[in-house]
Amino acid sequence: MVEGGCWRCGSRVEPRDMEQWFLRITRYADDLLDGIETLDAWPDKVLTMQRNWIGRSEGARVRFSVDVDGAEPVYIEVFTTRIDTIFGATVVLLAPEHELVDRFAVEAPDPEGFGRRVQQFRSQDRTDRLTGAVEKEGFDTGRTAQNPFTGEGVPIWVANFVLADYGTGAVMAVPAHDQRDFEFARKYGLPVQVVIQPADASEPVDGATMESAYAGPGTLVHSGEFTGRSTEDAAAFMATAAEARGVGQATVQFRLKDWGVSRQRYWGTPIPIIHCPACGLQPVPYADLPVELPDVVEFTGRGDSPLAQIPEFVNVACPSCGGAARRETDTMDTFFDSSWYFYRYCDPTNETEPFDPERVRYWAPVDFYIGGVEHEILHLIYSRFFCRVFKDLGRVVHDEPFTKLLTQGMVLRDGAVMSKSKGNVVDPDKMVARFGADALRLYEMFVAPPEKELEWTDTGLEGSYRFLNRVWRLVTAVAPVVAAVSGDRGSLPLDAGHRALRRKTHQSIRRVSSDLDPRVHLNTAVSALMELVNDLYAFCEQQGLAPHGTTEAYPADHVSGQTAGVLAEAVDALVLMLSPFAPHLCEELWEHLGRQGGLVTATWPEFDPDVARADEIVVPVQVNGKLRGRLTVATDISDDALRAAARADPSVQSHTDGRTIARVVVVRRQLVNIVVKGA
RNA sequence: GCGAAAGUGGCGGAACUGGCAGACGCGCCGGACUUAGGAUCCGGUGGCCUCACGGCUGUGGGGGUUCAAAUCCCCCCUUUCGCACCA
């Protein structure tokens, strides 16, 4: 919406009251909140957001009786988390939408003026009111209510900052102990009654002179029989007292609202309800489910649902009395479908029910769920809700639908989220046509860690394309050699160059495997594969196999058994490990290599720790923490031998000569640091 | 305002448990091959000083802990994300 109109066509957008269908997700609010504690393989960020979204707050509801003429008593119920401050409640504030406001307007001496002021608040932009962009304002209704604890009358005001749809839409204002109420009271000259004194204050808080509200803990004062209690235990005690007196009770309030699923559009699941003039609302019988969308539809832009214009769809017999009835024409929010599709995936051809519980018991919960960051709250909370509903229905046995979660970042271009409305999209079809789906996929995996947003660059994609070409040339060139190798490899004695390639191969397998699982660092997995390819090119050059950049295959009979063996091992592993990133290309290469059965039947390569281990290691030597030399030593060198070698190194000695060696730190097989003193 | 995460070359990013900062890629520079190259291959590439060997410096800024800090602690700055009058 832009300036009260549709952002695309400019049509006027207006609020209307409508009949809507809701799912009672609030019934699961506590359970959804508690379940968060068990989601230890979800990002903390998502858990925090869900906690905020559910927004549990403990407090109390308290009834203030309104002074009215007439027999029926009228109450204003407020929600407060600080019932301990109720003796300082000097005003009751109503949201402009509160139901009593209209009655007060009618009974007011100047109904028109009253109504105008209410209307002014109500017409303030909703978002502005919610975010506090508009100034906090209010006016006195001229009515009073009784504070049930003090028994004193307090004025009732209407205030634009009171939220109509949270709690009861009415609050008690305690200016001395709530900053918003304080500012409001000072602005309109309302009384500030201190009822909490901080325990450690050198000067007591004074309502006449204080410059901001005191919201901290302390001791109750001016609070009748509760005076002297600490704020910690007063809340529960006073809530109990309120209940005993019949004026309130402790309660838990949630920010989470019931889920409004009604949509007046065609593309959605029909809500399976039938309106019968005689029997009322009737659910569509189980045997008639699911209600399917009619094929014939006209989009008129009239404002009601397109379904409402199709008599064959709307007119049905009541399942209860058989009389003429009307089918509900609202469809459901598409989030409804995405909340349980993963269960349907376990049993996609089932014609009689949504899914077979046995199948879902076998497959679910989802081990590892990857989705966009934009679904961190709604989709994931709805799915968790469905999981609970299904569990209560006996259809699933697990508590949470997704064991491990990764939320992937969005694609940015020129620093902004890529979207049609911003006009900065890159057409994936064009990219695929030019570079292939594999290059595009590889680029997206390589350029950034998956949970981060991805900054699009054309040159980056070209780089991935180049890499795939490089792989293609290499593998097709060595294919005849490799295809001839099968079974036992590398049992022949190897020289240093061959051993180095084998080592690189096994190190790469180790790295790529752990980068995929459990680390899910896809970008570093790709870079490990790039390193392997670089080494393979160097190896081929070293072996004099062929000029680079040609597409000519190497003649198999000119290659030694050792060379063919290590090459086969490296290239097989390369193609297998690259296949999740570039599946089409690798499938084809696999065939070139003469491997049978396709990649789906191949097993992931395994590394041999002994082969992956280096013959020699390079150990840096520092003097006072600064790098002064490197030692190439045997892998199994002892700390003492390493220490001696470090001290004997000429370039190290030039920094230690004439100084006293205070200490030598040896980190096994990793580093030596010589600490010296003196000039 | 509250909360969380993050700040590393020209750019995207790497550095797993405190142990050689800058892997890998992009870009750029040089070379080879070539009629040609916007193809391919090889080499170089944080900054400063130096012909060179080498030295100094460097992970947002400032302090601290440590033999050793991008990494841990404190303060500050910036950015991003979330929440945002929830009584």
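Each chain gets a letter, A, B and so on, in the order its sequence line appears, and its residues count up from 1. Note that the coordinates shown come from a computational prediction; the quantities given were computed from them, not determined experimentally.
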> Can you name the residues that form a ring-ring contact (aromatic ring centres under 6.0 Å, His included) with A/Trp456, not counting sequence neighbours?
Replying inline: A/Tyr443
> What residues, two or more places apart in sequence or in another chain, satisfy ring-ring contact (aromatic ring centres under 6.0 Å, His included) together with A/Tyr28?
Replying inline: A/Phe385
> Nearest to the side chain of A/Arg628, which nucleotide is it out of B/C41, B/A87, B/C56?
Replying inline: B/C56
> Taking only residues two or more places apart in sequence, or in another chain, which ones meet A/Asp517 in a side chain to side chain donor-acceptor pair (under 3.5 Å)?
Replying inline: none
> What nucleic acid atoms does A/Lys257 come within less than 4.0 Å of, heavy atoms only: base, sugar-phosphate, or nothing?
Replying inline: nothing
> A/Arg466 has a side chain; which of B/C83, B/A87, B/G27 sits nearest to it?
Replying inline: B/G27
> With respect to the side chain of A/Pro620, which nucleotide from B/G55, B/C20, B/G25 is positioned closest?
Replying inline: B/C20
> What's the NZ-P distance between A/Lys504 and B/A23, to the nearest Å?
Replying inline: 13 Å
>> Going by salt bridge (Lys or Arg N to Asp or Glu O under 4.0 Å), name the residues that satisfy it together with A/Lys45, two or more places apart in sequence or in a different chain.
In response: A/Glu376
Listed pairs, N/O of protein and of nucleotides 13-19 of chain B, under 3.5 Å:
| unit_1 | atom_1 | unit_2 | atom_2 | d |
| --- | --- | --- | --- | --- |
| B/G13 | OP1 | A/Lys452 | NZ | 2.2 |
| B/G13 | OP2 | A/Lys452 | NZ | 3.2 |
| B/G13 | O3' | A/Asn523 | ND2 | 3.4 |
| B/A14 | OP1 | A/Asn523 | ND2 | 3.2 |
| B/A15 | OP1 | A/Arg519 | NH2 | 3.2 |
| B/C16 | O4' | A/Arg519 | NH1 | 3.1 |
| B/G19 | O2' | A/Gln670 | OE1 | 3.1 |

>> Nearest heavy atom decides the nucleotide; on that basis, is A/Thr48 or A/Ile377 closer to the 5' end of RNA chain B?
In response: A/Thr48
> Just how far, in rounded Å, is P of B/A87 from CD of A/Gln253?
Replying inline: 8 Å
> Do any side-chain nitrogens or oxygens of A/Arg470 fall under 4.0 Å of OP1 or OP2 in B/C42?
Replying inline: yes
> Does OP1 or OP2 of B/G25 have a side-chain N or O of A/Asn534 closer than 4.0 Å?
Replying inline: yes
>> Checking contacts here: which listed nucleotide (B/C42, B/G27, B/A87) is nearest the side-chain heavy atoms of A/Ser57?
In response: B/A87
> Of all the nucleotides listed (B/C24, B/A87, B/C67), which has the minimum atom distance to the side chain of A/Ser527?
Replying inline: B/C24
>> Using the ring-ring contact (aromatic ring centres under 6.0 Å, His included) criterion, which residues pair with A/Phe335? Sequence neighbours excluded.
In response: A/Tyr382
> Are A/Asp640 and A/Arg643 close enough for a salt bridge, meaning some N to O gap below 4.0 Å?
Replying inline: yes
